[in-house]
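Here is the naming used below: chain letters follow the sequence lines, and residue numbers restart at 1 for every chain.
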Amino acid sequence: MAAPAPAPTASPPPPPAMSGLLSFASSRPYPPLPAPRPAAAAPRPRLRIAGSAAAAPNAVSHRASSSFSSGDRLRSLVRRGELDEALRLVGSARRPDAGTCAALIKKLSASGRTAEARRVLAACGPDVMAYNAMMAGYCGAGQVDAARRWCAERAVERDAYTCDTLIRGLCGRGRTANALAVLDEMLRRRCVPDVVTYTILLEATCKRSGYKQAMKLLDEMRDKGCTPDIVTYNVVVNGICQEGRVDDAIEFLKNLPSYGCEPNTVSYNIVLKGLCTAERWEDAEELMGEMGQKGCPPNVVTFNMLISFLCRKGLVEPALEVLEQIPKYGCSPNSLSYNPLLHAFCKQKKMDKAMAFLDLMVSRGCYPDIVSYNTLLTALCRSGEVDVAVELLHQLKDKGCAPVLISYNTVIDGLTKAGKTKEALELLNEMVSKGLQPDIITYSTIAAGLCREDRIEDAIRAFGKVQDMGIRPNTVLYNAIILGLCKRRETHSAIDLFAYMIGNGCMPNESTYTILIEGLAYEGLIKEARDLLDELCSRGEEILLDVHLIDVAFLTTFLPCSNANGGPFLRLPPEGSPVYDALL
DNA sequence: TTAGGGTTAG
């Protein structure tokens, strides 16, 4: 792989607001990374070496040593995600600790293993923490109906907290109507919904049915004798802003005292966010001025929000000015203040500036967090500096910021795209050895990289690994392998996999169809390609095909379809191209 | 239970 172009050495001078701030920007392509976070710099003593878990010291426990070590072992297994081993241990334990069981229930449910989670629940006996974990698990796994049935069986509705979990789970999956039904059940059973329950429901109602509907629920809540608090009102203020009615939100805020509730800084921040979304910068500034007078001075969130919005709109210099204002208001910038700017520099491909900015934040006592580093890793990979990314990844722990799944996924992807699949696979082994569980993104990345190298068999092994882990392969993973098969002209196998994908309940997307249609057309299987396109037609989706992959015969065959009402739209080849000439 | 980082695969 050719060495990437170095970062421009003659970068434009920093904007005025930055003058002096970045003066220590190094002339090296990449300045040394910031010094380690003092508090976390000292290497932590290793408590235990691999394989000696059972011999863990139990000096702090007064319980029987056997029960301590098994409980300790169970906790450690759950933490490491070794669920099968944890399940075996739960099966043999006399009375496993409810907190650990709750954690295991959560993890099992997250992998869709709710039946096994229920076995764990049975093993640990009645415990509200475990109940809530089960409820959250069902909801998280999308089995909200199972959650409701289970809830009814156990009559746990009487516990308001468990009900909140169910209501939150239902609301989180857009099942607001069911959540409201649970509320009715609660009221019938004289299980008093509290302000939290209502607030959750109000938030969902705002999202689903709009704030006007939420206002009705607010009245109902008051009728039932439940007094809204400022959080409740803020949820409604947010709902009003979400519908683009910021001025109505401001009006509502003004009337709050007449309901016996004073706005707080969060209330103003919500309105401010609405103003920023509408790019009403002057109004935002004015509101910030008012906040102090109204006894709700801006806090660091206020400034962070402004910085984030300005950066998103490409207004990096004003964002830098806001950053400089923060201390004048008695607030300290934190990593959330710096990260949007760091991201902006990365996006501008000004890596030297980004690195210098990182130094700046450290010199001001704000330590980069994992999001800062992940932002850098992404940018380094995208700018062709994968080796620097690998180096940074390996330095993270010493900087007091251990790499996470996303960090590894980012660099693994960078390596596969740089044609360094072997190193990517080594990194995969490394993360596993460090106890980080790869996820669907890790394996999709690896599979796509292997396919790019025509190593379809290995990619299919990665696919199998995902299934072994109890994770359902998703569309992205299927697409990667289908593309690999099509590129190898094994279109029939690709179609088989397509059928398998649908049979397993994984919905194909536009890319899936594009890949397959192009693959079929390449092999001259025009009829089959057409059938697939018709299927897309019936879905009424727009399809943009890469004309470079399509031969003239294929385009000519399909052209009439592009005029069909409501049918797919085939982007025409660029004017003057050979394909365009052949068509007209 | 409300507001803040448009960190990862196609």
Side-chain angles (χ1 to χ4, degrees), chain A residues 161 164-165 167-168 171 193-204 206 228-239 241 263-274 276 296 298-309 311-313 319 331 333-344 346-347 368-382 389 403-414 416-417 424 438-449 451-452 462 466 474-483 509-512 514-515:
Chain A
Y161 190 79
D164 279 356
T165 308
I167 286 177
R168 206 174 310 139
C171 288
D194 59 7
V195 62
V196 176
T197 314
Y198 274 110
T199 303
I200 295 166
L201 278 163
L202 274 165
E203 194 190 0
C206 281
D229 62 15
I230 186 59
V231 179
T232 317
Y233 286 118
N234 285 346
V235 162
V236 177
V237 171
N238 192 43
C241 287
N264 60 13
T265 298
V266 176
S267 323
Y268 283 99
N269 283 350
I270 293 168
V271 173
L272 199 69
K273 183 183 165 191
C276 287
C296 304
N299 60 15
V300 69
V301 177
T302 317
F303 296 106
N304 290 353
M305 214 154 45
L306 265 176
I307 292 173
S308 154
F309 270 96
C311 284
R312 254 186 269 173
K313 304 284 180 189
C331 300
N334 57 23
S335 64
L336 277 79
S337 322
Y338 288 96
N339 283 349
L341 284 155
L342 189 67
H343 185 263
C346 287
K347 202 176 153 193
D369 64 11
I370 192 61
V371 175
S372 327
Y373 286 119
N374 287 345
T375 304
L376 275 180
L377 288 173
T378 304
L380 286 167
C381 288
R382 286 190 185 152
V404 295
L405 177 63
I406 293 180
S407 324
Y408 275 96
N409 283 353
T410 303
V411 181
I412 286 174
D413 182 54
T416 65
K417 289 200 173 126
D439 69 352
I440 183 81
I441 295 183
T442 322
Y443 287 109
S444 301
T445 302
I446 296 275
C451 285
R452 262 181 249 127
V466 170
N474 65 13
T475 311
V476 179
L477 180 52
Y478 278 108
N479 287 355
I481 299 177
I482 290 174
L483 177 65
N509 63 12
E510 195 186 294
S511 298
T512 323
T514 310
I515 293 163

Novice: I need the NE2-P distance between A:His343 and B:dG4, as an integer number of Å.
Specialist: 17 Å
Novice: Examine B:dA9: is either OP1 or OP2 under 4.0 Å from a nitrogen or oxygen in the side chain of A:Arg452? Give yes or no.
Specialist: no
Novice: B:dA3 base to A:Asn304 side chain: any donor-acceptor pair below 3.5 Å?
Specialist: no
Novice: Hey, does the side chain of A:Asn269 reach the backbone of A:Leu272 with a donor-acceptor pair shorter than 3.5 angstrom?
Specialist: no
Novice: Looking across every strand, which nucleic acid part, if any, lies under 4.0 Å from A:Thr378 by heavy atom: base, sugar-phosphate, or nothing?
Specialist: sugar-phosphate
Novice: Regarding A:Thr199 and A:Thr232, do their side chains bring together a donor and an acceptor under 3.5 Å, going by distance alone?
Specialist: yes
Novice: Has A:Ser308 got a side-chain atom pairing as donor or acceptor with A:Asn304's backbone, closer than 3.5 angstrom?
Specialist: no
Novice: The side chain of A:Ser308 is closest to which nucleotide in this list: B:dT2, B:dG10, B:dG4?
Specialist: B:dG4
Novice: In whole Å, I'd like the distance from the CE atom of A:Met305 to the C1' atom of B:dT2.
Specialist: 12 Å
Novice: When all nucleic acid strands are considered with a 4.0 Å heavy-atom cut-off, which category describes A:Asp413: base, sugar-phosphate, or nothing?
Specialist: sugar-phosphate
Novice: Starting the side chain at C-beta, find the nucleotide from B:dT7, B:dA9, B:dA3 nearest to A:Val371.
Specialist: B:dT7
Novice: Side-chain N or O of A:Lys417 versus OP1/OP2 of B:dT8: is the shortest distance under 4.0 Å?
Specialist: no
Novice: Among B:dG4, B:dT1, B:dT8, which nucleotide sits nearest the side chain of A:Asp229?
Specialist: B:dT1
Novice: Any base atoms under 4.0 Å from A:Thr445, or only sugar-phosphate, or nothing? Heavy atoms, all strands.
Specialist: sugar-phosphate
Novice: Pick base, sugar-phosphate or nothing for A:Val271, based on heavy-atom distances below 4.0 Å to the nucleic acid.
Specialist: nothing
Novice: What is the distance from CG of A:Asn474 to P of B:dA9, rounded to the nearest Å?
Specialist: 13 Å
Novice: Among B:dT7, B:dG4, B:dA9, which nucleotide has an atom closest to any side-chain atom of A:Thr375?
Specialist: B:dT7
Novice: Can you tell me whether the base of B:dG6 sits syn or anti, using the 90° cut around 0 to define syn?
Specialist: syn
Novice: Between A:Ile515, A:Thr514, A:Thr512, which is the residue that forms a side-chain contact (heavy atoms from CB on, under 4.5 Å) with A:Leu483?
Specialist: A:Ile515
Novice: Atom OH of A:Tyr233 to atom P of B:dA3: distance rounded to whole Å?
Specialist: 18 Å
Novice: Just how far is it from atom CG of A:Asn238 to atom OG of A:Ser267, taken to the nearest 0.5 Å?
Specialist: 11.0 Å
Novice: What's the CG-C1' distance between A:Asn264 and B:dT2, to the nearest Å?
Specialist: 8 Å
Novice: So does A:Thr199 reach the base of B:dT1 with its side chain, donor to acceptor, closer than 3.5 Å?
Specialist: yes
Novice: Just to be sure I understand the rule, does A:Val235 reach a base, reach only the sugar-phosphate, or reach nothing, if contact means heavy atoms closer than 4.0 Å?
Specialist: sugar-phosphate
Novice: Give A:Asn299 one of three labels, base, sugar-phosphate or nothing, depending on what nucleic acid heavy atoms sit under 4.0 Å from its own.
Specialist: base
Novice: Tell me the interatomic distance from A:Ile406, atom CD1, to B:dT7, atom C1', rounded to whole angstroms.
Specialist: 6 Å
Novice: Do A:Ser407 and A:Asn374 have side-chain atoms, one donor and one acceptor, less than 3.5 Å apart?
Specialist: yes
Novice: Just compare B:dA3, B:dG10, B:dT1 and give me whichever is closest to any side-chain atom of A:Val231.
Specialist: B:dT1
Novice: Starting at atom CG of A:Asp369, determine the distance to atom C1' of B:dT7, rounded to an integer number of angstrom.
Specialist: 9 Å
Novice: May I have the distance from A:Asn238 (atom CG) to B:dA3 (atom P), rounded to whole angstrom?
Specialist: 6 Å
